[in-house]
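Below is one structure, written out as structure tokens; the observations come after it.
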Amino acid sequence: MSLGVRRLTVLGEFKPFGLIAEALDGKPTDIVTDKYNYFLFDPEITRDRDEADGCDDAASALSNQGDHELFIRGNRIIWTTGSRVFKRFTLSSPVVMVCWCRLPHMPEALLCILQIDSLTIYNTSGEIVSLPLPRTITSIWSLPFGLLLQQEVEANLPSHIPLSSSSPLLNTRDIVRPKREFGLSAQPSISPLTAVNHIQKGDASSMSSHLILLDPLEEPQPTFIEERGKLNIMKEHNEKTIWTSDQVPLMASYNKGKMQHSLWVAEINNANLDESDKCFLKADPGGVLPKQLSLRRIWQGKGAQAAACKVFMATDDDAAPLVCFLHQEQRKLLSVRLQSIEINNEIVFDVKPDMSWSMPAVAASPVVVTRPRVKVGQLPYADIIILAPENILLLHSGKQCLCRYMLPSSLSKAQHLNDLEFPETSLSLDLKIKGLADAVEGRVNVILNNGQMFRCALRRNPSSLLANDCITALAEGLSSIFYRYFLGLLWKDGDSAYLSEVDSTVDSEWRSFCNIIMQMCSKFNLNSQKRSSLAPQLAWDFLISSHYHKTYCKINSFSGISFGGSLDMLSDSPISKKDGTQSSEKTFYYELLMESLESLHAVYESLKLDNLRKWDSELLAVLLCNIAEFLGEDNYLDHYIRDFPCLSKKFMAYGTSISLKTPPSLFRWLGNCLHHGCSYAKVNDLPPLVRKDGGSVVGWARKIVSFYSILSGAEVLGKKISSGVYCNIAMGSHCSREELTVLAMVGERFGLQQLDSLPSGVSLPLRHALDKCRESPPNDWSAAAYVLLGRQDLALSCLTHECKYMEIETLTNVNVISMSTPYMLNLHPVTISSTISDAIGLESTKFEDTDSVDGCMIDGMEHIFNSSTQLQYGRDLRLNEVRRLLCSSRPVAIQTSVNHSASDQDLQQAQLWHLAQRTTALPLGRGAFTLATIYTLLTEAFTVPKLVLAGRLPSQQNATVNLDPNIRNIQELKSWPEFHNAVAAGLRLAPLQGKMSRTWIIYNKPEEPNSIHAGLLLALGLHGYLRVLSITDIYQYFSQEHESTTVGLMLGLAASYRGTMQPAISKSLFVHIPARHPSSYPELELPTLLQSTALMSVGLLYEGSAHPQTMRILLGEIGRRSGGDNVLEREGYSVSAGFSLGLIALGRGEDALGFMDTVVDRLFLYVGGKEVHSEKSPFLTLSTDENRAPAQMMDGSAVNIDVTAPGATIALALMFLKTESEAIVSRLSIPCTHFDLQYVRPDFIMLRVIARNLIMWSRVHPSKDWVRSQIPDIVRNGVEGLGDDTSDIDEMDADAFVQAYVNIVAGACISLGLIYAGTRNENVQELLYEYAVYFLNEIKLVSPCKWKFSPKGIISLH
């Protein structure tokens, strides 16, 4: 097979961006050393482990990520990303060496910087740890579980790794440094340390040649060498480390005295130590020795005059890991093949004799080209790019040479590389490649003989996702010998060599891949024809080679007899030997095509589970039909034709052959799993690639199979499930299969977006599992699990508990966002079938709203009705009925007579007025119904459904009737209802989606302020999104002086910053509270509504803080005398102050501060309690500087409790919430005498009942006996006596008894609703439903003279 020729894709001339950044900084060059260094690295190195696990492999494989660069000069480091400076580091002394390192217990990557006398460690967020080094460290190296430090020999002065100046093109830069690590020589002006590190007896660290740092806050520990089953302190100072791996525990070293290289395996263990070394270790008080790092030599190679200039890991053509040593003096690349064995779930590496090979090379680097998505354990599949001594650039996959790379022509600085066309006929013969450097993924720097360096990209996986999936499936599914052959076809010259085309399109790439597969099919067919033509055309031979004979052999399991008879007859023929060769070739191609068919069929079955790749599955079905037709696999052919019947015109399963193979079918397996359980589902229905651990191309199908397996009762053993597939399961407790399925979905990063991509029937069981767990999930789950369930409230609580401060970065966790963002939830149109419309009486479906899309009504609930809900509810019309009842965007029906008269117009207006009041109340229910169900599109404006107060007359052809503006002010009537309508619409937005931005909020801001945008601000604040607004944005909103906008903004900001006491937000709120203004502050005429809103917002902002000064202000505001304000607004002001006071001391009870007793006494005075303390406390003294309205609703000890009692009662309830305080409950007494019944208003009695039950939280029980226990005896006896003719209860007492009874029962019911909110407790539901029906049907308005006749059911109910 001919060797393919490829051209390098030149990205541009390379120059370290750190030099450009220094030039842009304008720093004088005379104070900076001329020596500098840099290294390029993959940004995946610095990504958190959690984020890296959540990345989609396909997306990351196809993304063209830029390289990151660390530039070092002197004591400064510049971290750049592409052409942007990301971070700068300035240290106190020159940098010696830098490397990235990860520690097992830390998700972040650490930047370790070695200096002369210290080791500085940065994490990616900027936190720093500096460790002084009492001994001289020459180099640092990264291992999977720590940082390896090499010590200098005691007798030597401190020295550092010198720079290699072998290339005059790079001056003092080291071009052959190990991957991700480098060395930098010390500056001549730096004097060595004068203090000599003496080795003291008992100090093992000073004796060890290598140290290991396992934690930044611990001291480096000595390392040990394993010899004859014992661990001895490693004292091999001559073993200079030249390379380590940060992914597998391997280290390479060179001993100059012995002229040998060694390969070591690092292990963390507690093995037996040699008795002579135990005395050097410091054990803890319990006598337990710390974990030790031991090094075990697995290979050594002798005869090298100098250390290898580069060491790296690659992968052999059969996926075995290689460690490659580049010997520049000998011009060869030595590759040592590793053998990995899994023992007790751990990978153990070893090297057997004769497992190394070499090839001539001047330079070499590892690159990821042929299998970018395949991993060998923890390692990516790495190829080798080799510069041969003949200046030929070759790409190797292990030993196999795939192709030769050539430079494009006309490389010069005067031309722009991006605009050049490089014809193959004009290749420059003067330019030659002299070296390779800085290989990252599929990109490498090519050094030319003219001194230029170019960043080049090797043509990686195709841009066609389908072609890429198929190539990856063949890499994972084919055996090594077959994949090597396929790889040769893939990279050879010819029409199908699409990888050689830089500008190849998606369609051309797919056609080229199909051509390669068809080449294999044609060779199989050609061998079959040659074999048939070589055989003599005798009757017996014709019978033996007939299709009937083959079918007979398959049925009777004598598959070899057909060839046996023919070969026996032809044994003496001169063509028998040639025929045997043809037979072996046919067998080779047959097995190759069969394995290819099985691997590609696994991709096909996985694509069928993705709604977004229907077209890809059809393209692949055509290719699979061709392969199946060549192989005579009619069952496979029939399988694809059933999925795509249009293929029957081109492919026809004639049924002339009987194939014993049944193609695997995931749909069949899923169906059996649901009907009969996982144990009854056939394993043969699962493609082998799905059951393979580490498979990436069919990871989508593997996840679905694992979820269904767990849901159907399969056993989980570690990561493996009894159905044969592997699954990652998140941490958390579980007590049902549904909960374990949810944890598996979280562990596999399978969120709402992935659910939307599944076929509706496949996603329905998973959505049902989420629904079953939504009610009461375990309390130890992660925030991502709660978001997946739709419990954003628990997710926010979980994130807030984990973070000390509620910063926006912490609340937009990458994993949480990936779980919470659906793909198409906001793109579903409204679909109401005609049968459903007729069944529920949606007459309005005959009308089209002017703002409707495709004739669909926009009512704020249209997104609820998608394919999943249709499958879940089917013919159950409850969801549609809820939508009909909560719809406020269409005119309501008014029932009138057919022959209307003039008097009917007044009747219509009266009826429409009552219906309008009901319509304005609907947004409250709609906000709860659609809470957190849509996700924003930042490119679209937010739509709010209309609030229509008009009516229609069905008896008059649905004529529209509007409210008469002459009777009532329509705009004033709709102002606040539209505000609440917008709040309900805004609450549809789901929190934790990570897409909200300041730009989007300002984009939705209208030119003129209105109530709709004001309500949207409040909704965004309730979700915590107003944190993105700046102070200038807040000022611009306040400067509009729009009442509802100010109200929504203050409440929204307070909700977003709840409990943080943010100073800037606090100042903006206190501006609207006159009691907080100093005496020199100008008078402001603020509406009472804004003052009440500011008070409520302060309570949210200071929630749980028990801030004494704010509590003092709010306590005074509860009883502040009205300055001519509206009575209703005055009561609202007092209630707002009480709510705010209760929130600030929420649940703190009497343990908040020492002044709480005085606060409680004053609150009971406001409630109307009989214990009044006349002495004035310093805590309650209000100075004129702090209260511009000191007059209070008091005349001596008299308080207007009609105004102050509700706010004070609410404050006490919140302050002592769940505290079980008997003292407070006893003072919040329910009237038990005739005088108290006349003294306390009935609605205040209801508030007291609610407050008492909130305080005594655990003593509330959903039973009639508990409700009856809330009613005092005098009230119960009085109500029971109403039906007795002999009782002498007067009309006034009867009225007091009934009103007290009704308010006490209502307060008890409200208490049950508050305490059992969200629990779906059936006892509470039945009890509340019974009382609701009772109040609706039995309580009638009667005149006082009829109280002798008890309301029906008032006694029978109890």
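- In terms of heavy atoms, H1261 sits closest to Y1316 at CA-OH, 4.1 Å.
- The 12-atom threshold is not exceeded at CD of E715, counting heavy atoms of other residues, nucleotides or ligands nearer than 6.0 Å.
- Put simply, the side chain of N728 never gets that close to the backbone of G747: no donor and acceptor are under 3.5 Å apart.
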* To do: Check step by step if side-chain contact (heavy atoms from CB on, under 4.5 Å) holds for T1319 and E775.
  => CA-CA 7 Å; T1319 61; E775 178 183 346; 5.6 Å; no
Less than 3.5 Å apart, which donor and acceptor atoms pair up between the side chains of residues 667-681 and the rest of the protein, not counting sequence neighbours?
residue : atom : partner : partner atom : Å
R668    : NE   : D685    : OD1          : 3.1
R668    : NE   : D685    : OD2          : 3.4
R668    : NH2  : P663    : O            : 3.0
R668    : NH2  : D685    : OD1          : 2.9
N672    : ND2  : R668    : O            : 3.2
H675    : ND1  : G671    : O            : 2.7

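- The shortest non-hydrogen separation linking S733 to L743 is O-CD1, 4.0 Å.
- Of the possible donor and acceptor atoms, one in the side chain of R774 sits under 3.5 Å from a partner among the backbone N and O of L789.
- Looking only at atom types and distance, the side chain of S706 has no donor-acceptor partner in the side chain of E748 under 3.5 Å away.
- With contacts defined as side-chain heavy-atom distances shorter than 4.5 Å, the pair L879/R883 does not qualify.
- Heavy-atom contacts from other residues, nucleotides or ligands closer than 6.0 Å to CG of L924 number 12 or fewer.
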* Under the salt bridge (Lys or Arg N to Asp or Glu O under 4.0 Å) rule, what do K1264 and E1330 come out as? Steps first, then yes or no, please. => CA-CA 10 Å; K1264 288 184 179 180; E1330 185 175 355; 2.7 Å; yes
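- Between L666 and P687, the closest side-chain pair of non-hydrogen atoms falls below 4.5 Å.
- Taking every heavy atom of both residues into account, R1027 and T1060 meet most closely at NH2-CG2, 4.0 Å.
- Ion pairing between a basic and an acidic side chain is recognised when a charged N comes within 4.0 Å of a carboxylate O; R884 and E881 show such pairing.
- Side-chain contact check for H863 versus R988: some heavy-atom pair is nearer than 4.5 Å.
- Annotation: side chain of L794 is in contact with side chain of P777 (closest heavy-atom distance under 4.5 Å).
- Closest non-hydrogen pair, L987 versus G927, comes out as CB-O, 4.4 Å.
- Taking CD of E267 as the start and CZ of F145 as the end, the distance is 8.0 Å to the nearest 0.5 Å.
- Side-chain atoms of M861 and L886, non-hydrogen and from C-beta on, do get closer than 4.5 Å to each other.
- Contact annotation: the side chain of I1224 never approaches that of R1252 to less than 4.5 Å [non-hydrogen atoms, C-beta and beyond].
- Listed for the S722 side chain is no donor-acceptor partner under 3.5 Å among the backbone atoms of A714.
- Side-chain contact between P664 and L686 is absent, with no heavy atoms from C-beta onward closer than 4.5 Å.
- A salt bridge between E1222 and R1259 is present, with a side-chain N of the basic residue lying under 4.0 Å from a carboxylate O of the acidic one.
- F750 and W700 have their aromatic ring centers within a separation under 6.0 angstrom.
- When every heavy atom of V697 is checked against every heavy atom of V603, the shortest pair comes out as CG2-CG2, 4.1 Å.
- Counting only heavy atoms from C-beta outward, the side chains of Q754 and S757 never approach each other to under 4.5 Å.
- The shortest heavy-atom contact between A1308 and V1249 is N-CG1, 3.7 Å.
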